[in-house]
Number of protein chains: 2
Amino acid sequence: MRMSEGVEWAIHSCINLSWLEPGEAVTAARMAAFYELPPAYLNKQLQALARAGILTSTPGPRGGFRLARSPGDISLLDVVTAIEGREEAFRCEEIVARGPGEHEGIDYRRSCFVSQAMRRAEMAWRRELAGQTLADLRSTVERRLPSAPGDARTRFANLRT
Amino acid sequence: MRMSEGVEWAIHSCINLSWLEPGEAVTAARMAAFYELPPAYLNKQLQALARAGILTSTPGPRGGFRLARSPGDISLLDVVTAIEGREEAFRCEEIVARGPGEHEGIDYRRSCFVSQAMRRAEMAWRRELAGQTLADLRSTVERRLPSAPGDARTRFANLRT
DNA sequence: GATTAAATACTCGGATATCACATGTCCGAGTCTCCCTGG
DNA sequence: CCAGGGAGACTCGGACATGTGATATCCGAGTATTTAATC
């Protein structure tokens, strides 16, 4: 079980976007140069965030991506779901339905106890992610490293490409 | 992010094994026939459980797999870890180290706040899984379907191959 | 100088390759069982 | 009848294919800007 590395890219990108002036946008190419990532692939991840309503994208010159809403209204779960999709990690194949007993019209994805236990665990995971917003993360970073927002801004200014 | 379907196979197999007489073993082929699964591949999963110390395996005629210890001493987390491995789903690639600021000798897998948040969520997930033993699951099944142990035994008896 | 319209450069967006890992299969090493032979 | 030995069959265990999804790339549609020509 492995989470896409795009999740890490997306979270860091969103935090960086939250340090921009309102209305300011950053292209996928510049964000990729910031972290030395493959530009086209990062672009794909940012597109996923845009489809999920976390970012807004504008084409053409002076275009790029920006946050679609306040960082306090974006949870980590939102970002993870945007990249990884809505499906759960554990997917009940209902193999128990091929065992003994009566199985008429039973949905084991809901009723199987194994499935339920796994779902409980994933719920705990989701709850933990939903309880943290990008604003929380951002303020934690700023408390530890107050120069971070300025550092990011100057780095964007000095990037070539 | 997708969990191996082998996890579902492993948990159901272990519960079935817990219904056997002490000292009784079941071969991978019979367990596969029980659930109509590919025998060689199920064998591979059961091997992983054996390596993890959850099952013991004996070769030769009358051989097979059996539980290595009491179902009350086997948590769901044990089984999941045996199949999926020890690594976490989120793996920090430390892309933040390629951003601005000083990074000498910093291990961002530990100190990056994104990494910490993701780890917290996975801890919650693990805690939930560690809190449930195979004995818990088994008793829940038996309470809902008291004939389950007997059904499983007779099915093993009537399996061909 | 202002207006308009075309050319241009730039951006996202999705279609297209490439690669790693999960899934699935096969055969050999080891072991227990059973039978056969000899006493 | 009993003991011993060997052949045989059965099981796990790991090495070997295959398929699917993540990773990475490329090019086209659309838009804001710039430029140039015209009034």
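Letters go in sequence order (proteins before strands), and every chain restarts at 1. The basis for the numbers below is simple: all heavy atoms, side chains too, and nothing from hydrogens, waters or symmetry mates.
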Which protein N or O atoms sit under 3.5 Å from an N or O of nucleotides 6-9 of chain D?
none

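- Within the 4.0 Å cut-off from OP1 or OP2 of dG13(C), at least one side-chain nitrogen or oxygen of S57(A) is found.
- R120(B) has its side chain within reach of Q132(A): a pair of non-hydrogen atoms, C-beta onward, lies under 4.5 Å apart.
- Annotation: cation-pi geometry satisfied between R155(B) and F34(B) (NZ/CZ under 6.0 angstrom from ring centroid, within 45° of ring axis).
- Rotation axes derived from the C1' atoms of the five outermost pairs at either end of the helix from dG1(C)-dC39(D) to dG39(C)-dC1(D) lie 0° apart, to the nearest 10°.
- We find that CG of L37(B) is positioned 15 Å from C1' of dT25(C), with the value rounded to whole Å.
- Between S75(B) and D78(B), the side chains place a donor N or O and an acceptor N or O closer than 3.5 Å (distance only, hydrogens not considered).
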Q: Using a 4.0 Å heavy-atom cut-off, write out nucleotides 19-24 of chain C from 5' to 3' as B (base contacted by protein), S (sugar-phosphate only) or - (no contact).
A: ----BB

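- Under a 4.0 Å N-O distance rule, the pair R119(B)/E88(B) qualifies as a salt bridge.
- Distances shorter than 4.0 Å separate none of the side-chain N or O atoms of R62(A) from OP1 or OP2 on dA9(C).
- I83(A) has its CD1 atom 10 Å from the P atom of dT23(D), to the nearest Å.
- With rounding to whole Å, F65(B) atom CZ is found 17 Å from dC10(D) atom P.
- As rounded to whole Å, 16 Å separates atom C1' of dC12(C) from atom CZ of R30(A).
- Rounded to whole angstrom, the span from the CG atom of L46(A) across to the P atom of dT25(D) amounts to 15 Å.
- Between W9(A) and Y41(A), the ring planes lie perpendicular to each other; the angle is over 60°, past the 30° to 60° tilted range.
- More than 12 heavy atoms of other residues, nucleotides or ligands shown are found within 6.0 angstrom of CZ on R98(B).
- Distance, R91(A) CZ to dG21(D) P: 9 Å, rounded to whole Å.
- Of the charged side-chain nitrogens involved, none lies within less than 4.0 Å of a carboxylate oxygen, so that R2(A) and E87(B) do not count as a salt-bridged pair.
- E5(B) and R91(A) are not joined by a salt bridge, as no carboxylate oxygen comes within less than 4.0 angstrom of a charged side-chain nitrogen.
- Within 6.0 Å of CZ in R69(B) there are more than 12 heavy atoms belonging to other residues, nucleotides or ligands.
- Distance, Q47(B) CD to dC16(D) C1': 14 Å, rounded to whole Å.
- The side-chain heavy atoms of I83(A) and L49(A), taken from C-beta on, include a pair separated by under 4.5 Å.
- L42(A) places its CG atom 16 Å from the C1' atom of dC26(D), with the value rounded to the nearest Å.
- For the 3.5 Å distance criterion, the side chains of S70(A) and D73(A) fail to qualify, holding no donor opposite an acceptor.
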